[in-house]
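For reference, the structure is listed below as structure tokens.
What you see below is based on every heavy atom in this structure, not just the backbone, and it leaves out hydrogens, waters and symmetry mates. Chain identifiers are assigned alphabetically (A, B, ...) following the order of the sequence lines, protein sequences preceding nucleic acid strands; residue numbering begins at 1 within each chain.
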Amino acid sequence: MYKVYFQTYEMDTINLSEKTNWEFIEQVQKESGENLSLCYQCGNCTAGCPYTNYFDYPVSMVMRLLQTGQKDTILNSKAIWLCATCETCTTRCPCEIDVAHVMDTLRIIARRENKVSEKDIKMFYDAFLDSVKRFGRIYEVGTLLTYNIRSGHFMADADLGPKVLTKGKIRFFPTKIKGSDKVAQIFERFRTKAKKHG
Amino acid sequence: MSGVAGKELRIVGFLCNWCSYGGADTAGVARFKQPTDLRIIRVPCSGRVDPLFVVKALLTGADGVLVSGCHPRDCHYTDGNFYARRRLEMLKRLLPFIGIDEKRFHYTWVSASEGQKWQQVVTDFTNQVHKLGPMHAKKESEG
Amino acid sequence: MRVGVFICHCGNNIAGTVDVARVAAEMRKLPGVVYATNYMYTCSEPGQEEIKQAIKKENLDRIVVAACSPRMHENTFRKTIEKAGLNRYFLEMANIREHISWIGEDKELNTAKAIDAVKMAVAKVMKNKPLYSSSFKVNKRVMVIGGGVAGMQAALDCADGGLDVVLVEKSPSIGGMMARLDKTFPTIDCSICILGPKMVDVAQHEKIKLHAYSEIDEIKGYVGNYQVKVRKKATYVDWTKCTGCGACMEKCPTRNAYDNFNFGVAPTRAINIPFPQAIPKKAKIDPAFCRQFTKGKCGVCAKICPTGAINYEMQDEIVTEDVGAIIVATGYGLFDLDKFPEYGAGRYPDVITGIQYERILNASGPTSGHILRPSDQTEPKTIVFVSCAGSRDKSLGVPYCSNFCCMYIAKQAILTKDHVPDSQSYVFYMDIRSPGKGYDEFTRRAQEDYGVKYIRGRVSRIYPKGKKMVVRGADTLLGTQVEVEADLVVLATAVVSAPGAAGMAEKLHISYDTFGFYVESHPKLRPVETNTSGVFLAGACQGPKDIPASVGQGSAAASKVQALFSKDMLESDPAIAQVNTNACVGCLKCVRTCPFQAIKEEELRNGKKVAKVIETVCAGCGVCTSTCPCGAIQLQHFTDNQLLAEVNAICQG
Amino acid sequence: MAEKEYAYFSGCSLEGTAKEYDTSFRLVMKTLGVTLTEPEDWSCCGSTPAHTVDHVFAAALAARNLAIVEKMNIGTLTTPCPSCLMAFKKAHLGMTEDEAFKDQVNELLDEPYEGGVISKSSLQIIYEDVGLEKIAEKVTHALPDLKVAAYYGCIMNRPPDVAQFDDPENPVAMDRVISALGVEVRDYAFKTECCGAAFGVPKRAMVNELTYKVLSMAVDAGANCIAVACPLCQQNLDLRQEQVNRAMGASFNIPVLYFTQIMGLAYGYSPKELDMDKLVVSAGPLIKTRIPIAEYRAMKEAEAAAAKKTPKAREAKEAAKTEES
Ligand SMILES: Cc1cc2nc3c(=O)[nH]c(=O)nc-3n(C[C@H](O)[C@H](O)[C@H](O)COP(=O)(O)OP(=O)(O)OC[C@H]3O[C@@H](n4cnc5c(N)ncnc54)[C@H](O)[C@@H]3O)c2cc1C
Ligand SMILES: Cc1cc2nc3c(=O)[nH]c(=O)nc-3n(C[C@H](O)[C@H](O)[C@H](O)COP(=O)(O)OP(=O)(O)OC[C@H]3O[C@@H](n4cnc5c(N)ncnc54)[C@H](O)[C@@H]3O)c2cc1C
Ligand code: SF4
Ligand code: SF4
Ligand code: SF4
Ligand code: SF4
Ligand code: SF4
Ligand code: SF4
Ligand code: SF4
Ligand code: SF4
């Protein structure tokens with residue numbers, strides 16, 4: 001009748017005087033545009049999060065870790081990568097915090113600092129973006145293959161293959177749009193700009 | 001000349017005793033920080049504000065004038081603020097004819113409980129006046 | 001003219017960010033100022049004594065105190081200088097605390113601002129004239145608006161003190177929310193058992209005149225002399241004849257009328273007496289449901305009524321009551337379920353509000369005190385309470401705490417266990433707020449003795465699964481999502497201002513906050529007074545509060561009225577408009593704009609027509625002064641000269 | 001009603017795994033008299049992956065398309081894919097509310113986007129711009145066997161200040177559109193509960209559980225098919241149903257149709273035209289009973305006439321009861 005999904009996480013005593021990373025708190029507030037102090041730890045975001053059972057830290061605890069400036073714990077967490085931006089937390093937060101956007105911001109920072117705990121997900125995203133860069137659009141077979149090869153999950157979704165193929169759902173060849181170079185340029189410009197700024 | 005040269009402009013505020021003066025008090029009690037340019041004159045009701053006061057202030061040294069009263073329908077004196085609004089609306093339209101940018105004058109409503117709104121009003125209006133710059137120095141350079 | 005200036009430190013409140021000594025030094029340079037000093041706590045007894053001494057020693061005739069807001073201490077210092085022999089209007093205050101030291105951090109800028117503020121006050125005080133109040137007679141009748149527990153207490157205390165009381169209640173019976181409650185925390189005594197006798201006292205008190213099912217149409221006048229128009233709404237039953245026998249209700253064929261008293265837990269008849277202990281115990285027809293009104297035919301009740309009380313033609317009636325003071329005790333309202341789409345927004349019958357549950361628990365409620373869930377009338381075994389449903393929720397526009405729901409949840413959970421011993425209650429909470437006497441022990445008892453499970457976290461979603469309601473929330477202490485499969489879910493919905501609260505405030509000329517709760521004169525020191533003299537507050541109309549606090553305020557408001565009425569005559573505020581008949585050209589523009597109809601036309605002996613202010617009616621708004629084309633009508637203490645002196649002090653100083 | 005025209009951004013999925021969504025949507029719009037013009041040379045909106053890289057970069061991928069549409073002078077863009085929609089809306093909001101952000105985004109683009117395009121989901125234009133009346137007007141066939149649970153997915157209506165459409169917790173647009181067709185709709189609580197589609201590939205175990213919940217809630221509500229408006233949802237609920245069955249020990253066999261396919265069926269298009277054969281879980285048996293609307297009405301009238309006696313009797317009984325009391 002009373003169902004609990006258990007989380008496992010380990011934590012040492014945190015010496016707040018030493019281990020509060022104030023710059024990190026500032027950085028996240030600035031990049032996300034959200035005031036982290038608004039969170040009063042009601043847990044509503046966790047209560048609604050469809051993925052919480054797979055998170056190492058439920059989203060309200062990510063918010064708490066943020067408030068206490070626990071940079072490494074957060075950037076190394078699986079939670080920020082397992083968040084699917086489903087916007088449930090943002091929709092229901094009584095304090096009107098755009099929690100999903102905060103999670104988004106944390107992924108960006110983690111990626112920038114090369115701290116990605118969920119390699120698979122990042123790889124999948126990268127495969128996706130590669131396709132966009134090369135063809136201007138998503139080429140599903142290619143994306144899947146790239147992902148499978150890079151992640152070592154060779155058989156991922158292989159069982160679906162026959163179904164999809166017989167239904168004529170997948171194109172074997174990518175459509176490359178005329179302006180694919182224009183799209184690639186967006187990637188390039190972004191990369192140059194990012195390099196310039198740090 | 002009042003005001004701290006270089007840092008401040010001169011802004012005169014007419015606040016009704018019941019609502020906006022109370023709102024400014026509430027903002028103070030809550031320690032809502034505000035720009036310091038504003039000098040407040042307490043009147044019983046925004047309906048007591050004679051448009052001539054506003055003009056006089058702007059012509060003799062103020063860079064901006066702010067009038068704030070009770071919300072419509074929430075006037076301590078039934079509808080003093082209604083008269084105020086009519087008069088001050090008229091004034092706003094007349095200001096350009098005497099060579100004053102109407103943005104130097106602002107009329108608004110703040111209730112006694114709206115400390116936060118008061119902070120916002122003061123901050124916004126002060127910024128607006130700063131954007132326009134000092135009124136009298138400009139005149140001198142123009143003339 | 002000899003002006004004395006006193007700059008207050010207010011401990012560090014002012015002196016911390018304003019150079020008070022420099023302000024005093026600057027003031028000494030002003031023409032007319034013969035004395036300027038700064039003092040630690042000016043409002044303290046030695047502080048006031050210092051002013052008095054200085055007046056004598058330095059022969060001062062005008063005083064400026066630069067300190068906190070005049071809304072705080074103007075009266076204090078007026079009395080001080082009066083004691084030293086000066087007219088009380090020879091005082092001006094400069095607000096250098098709320099408007100300066102508390103809102104700016106730069107000491108240099110603050111000090112400059114304070115110098116300006118005091119300069120303005122000096123400029124004004126030099127133009128001040130002595131003013132003298134006149135006195136007028138007080139009508140020692142008091143009106144109480146709202147017949148909840150707060151209003152009843154106020155009415156009874158006033159009446160017991162010998163005052164005539166007019167009690168106006170919007171609904172058909174007095175009693176308010178408390179009449180609907182089952183038991184009350186923290187003692188768990190029966191609500192109606194303690195309230196009922198009070199209701200009877202109200203009904204039987206010879207000094208109390210009750211207008212039930214009535215609303216305020218209009219309020220005119222001023223402290224001591226109000227005229228209030230009361231609209232007695234049509235009940236379609238002649239209450240002078242109705243004996244409350246209930247025969248009509250039993251026979252009425254319309255059984256689906258909305259039951260306001262029971263918050264819709266069960267339907268009622270189109271003609272009904274709201275509850276057995278109702279005061280007055282009279283029937284009333286709801287024309288929105290009555291077939292006689294909706295379909296034009298029925299008339300069953302008229303046929304049945306043994307006293308011939310039914311009158312389908314009845315109209316609203318307006319009566320005017322003259323009173324000298326008004327106590328407002330209009331209570332509060334509650335959020336509806338439709339505010340909660342993620343909890344089904346009222347679509348699931350087994351998700352109900354706290355007040356509905358109170359009716360279900362109540363022995364005289366629709367289920368006769370048996371806990372039965374609305375969907376299938378079975379006894380729930382697992383009950384979930386959701387606290388802060390809408391409260392402390394910025395996204396729903398209620399950032400404040402509703403004050404008493406933590407307590408009534410604990411109460412309802414305890415009562416649930418008493419009714420259904422094999423039941424299990426869960427409470428989702430963010431914080432348990434129980435700071436009153438015996439309160440925390442009470443919420444602990446719910447957990448320790450009654451086994452109520454408290455889960456710290458909000459509820460994100462409620463959805464049906466078979467016959468159960470799944471409540472999905474978080475347990476933030478476990479750091480996880482949790483689910484409870486409940487038979488019944490009770491939401492402690494947010495307390496909001498009473499319906500129509502803002503409109504009522506506008507009629508009374510009192511202020512209300514963003515949420516519609518009425519604003520007291522001072523949050524600590526004048527909690528039952530308003531800024532409109534003669535109007536007082538009691539109970540939850542001022543903000544969510546429980547019964548003890550509401551009753552306390554009812555008594556406090558009554559004692560304020562007693563104090564006001566202890567004098568036969570009141571002193572008027574002399575800061576009113578005055579006409580200079582030499583300057584007045586008789587255009588009568590002022591007559592037309594005065595919001596209080598305080599000006600009339602008068603013919604002088606020489607035949608000249610001029611305006612004349614009726615002293616007792618003028619409220620001192622000054623609208624006339626800024627209307628008059630000739631400057632002939634001047635609001636005393638805020639004349640053109642005085643205000644322009646302030647303008648000049650800033651602009652040309 | 002004046003002819004309506006929209007810039008139609010189908011999105012990458014509708015070129016591949018969600019071909020049938022594209023086909024059925026185009027057919028339905030033709031019936032409803034709406035013109036769709038495809039922006040030339042559109043590119044991927046960036047979707048979720050771009051948002052893990054950078055906010056400006058993500059907005060740029062979306063804004064490239066908005067800039068193209070802006071040039072078309074149509075004003076409103078419509079896309080069937082909520083994921084694309086969200087990307088467009090977020091880019092648009094960010095760029096119109098924050099001048100500096102706009103400049104940063106435009107720096108990455110060849111053609112700047114000035115903020116002149118409104119984006120709406122295909123469901124929104126059907127529900128709001130076409131309207132229920134017109135939707136009902138065009139119906140030619142009844143689908144008496146369908147009991148539909150409308151599934152909106154997580155981001156069709158959320159967060160509310162970005163989506164600005166329907167209710168974020170209990171959306172009703174799709175339910176009403178389907179009801180307007182005369183098709184039975186079942187209410188249930190999981191209309192917006194995330195199905196996990198975003199992680200269909202890398203986190204399959206996790207997705208199975210989420211998908212399971214949505215499917216079982218729909219079945220519990222008495223639905224025999226699910227209507228969706230999102231290509232990712234469809235793929236997840238339909239294609240992976242067998243994965244879910246295997247992982248969770250369930251035996252779902254519930255067809256997952258695009259709501260536009262249901263519309264097409266009611267408008268008389270053949271299952272073939274609507275690419276019904278591309279569904280993994282076949283909807284064949286459910287739509288076999290489709291009949292022309294006139295025939296259906298006649299049948300119902302006959303039924304009603306037969307049943308008429310009963311209610312009259314009940315009414316009389318009711319009246320008697322009143323007298324008694
Ligand atoms: C579910 C629930 C359980 C509670 N349990 C407890 C408890 O156990 N113990 C406890 O201490 N407190 C409890 N409370 C709180 C309690 O109800 C309030 O403290 C109390 O009712 C406040 O009294 P009041 O007189 O200020 O307001 P009300 O009871 O709201 O009375 C206001 C009256 O004014 C009338 N009125 C409103 N507007 C007008 C108008 N314009 N003109 C004329 N009349 C008007 C209303 O009809 C009403 O009769 C509970 C509240 C709820 C919701
Ligand atoms: C650290 C602290 C901070 C606080 N801050 C706030 C705040 O910010 N806001 C707020 O609202 N409240 C605050 N309070 C609470 C506040 O102090 C009390 O609410 C308030 O003082 C109660 O007033 P009182 O008159 O009932 O009692 P007291 O202030 O205790 O006064 C009782 C008086 O009676 C005298 N007395 C006692 N026994 C006898 C006797 N037998 N014969 C004669 N005289 C006697 C005492 O000497 C005393 O002068 C604070 C309290 C503390 C401890
Ligand atoms: S819902 Fe909002 S306030 Fe509550 S814990 Fe999550 S982020 Fe904090
Ligand atoms: S947006 Fe991410 S964190 Fe928020 S509810 Fe969805 S999955 Fe959880
Ligand atoms: S007079 Fe006002 S400012 Fe001075 S000590 Fe008293 S409260 Fe403080
Ligand atoms: S109206 Fe008549 S029947 Fe009804 S309660 Fe009154 S006296 Fe009785
Ligand atoms: S006339 Fe109206 S109130 Fe009276 S019995 Fe008929 S329905 Fe009931
Ligand atoms: S009293 Fe308790 S339940 Fe009610 S709003 Fe306050 S904290 Fe929430
Ligand atoms: S407006 Fe002035 S001049 Fe006219 S009647 Fe009134 S006081 Fe006299
Ligand atoms: S000040 Fe003038 S306008 Fe105001 S009430 Fe008095 S007479 Fe009337």
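Under the ring-ring contact (aromatic ring centres under 6.0 Å, His included) criterion, no residue pair touches residues 58-82 of chain A, with sequence neighbours excluded. Pairs passing the side chain to side chain donor-acceptor pair (under 3.5 Å) check and including a residue from residues 333-346 of chain C, sequence neighbours excluded, do not occur.
For C:K381, the NZ atom is densely surrounded, since the number of other residues' heavy atoms within 6.0 Å is greater than 12. In this structure, A:K19 places its NZ atom where only 12 or fewer heavy-atom neighbours from other residues, nucleotides or ligands lie under 6.0 Å away.
C:R458 has its side chain within reach of A:Y40: a pair of non-hydrogen atoms, C-beta onward, lies under 4.5 Å apart.
Listed here is the closest heavy atom pair of A:A47 and C:A474: CB-N, 3.4 Å.
Among the residues in residues 386-409 of chain C, those with a non-hydrogen atom closer than 4.5 angstrom to a non-hydrogen atom of chain A are C:R392, C:D393, C:K394, C:S395. Within residues 88-106 of chain A, the residues having any heavy atom less than 4.5 Å from a heavy atom of chain C are, in residue-number order, A:R92, A:C93, A:P94, A:C95, A:E96.
Atom CG of A:N53 and atom OG1 of C:T480 lie 6.5 Å apart (nearest 0.5 Å).
Heavy atoms of C:V471 lying under 4.5 Å from chain A are absent altogether.
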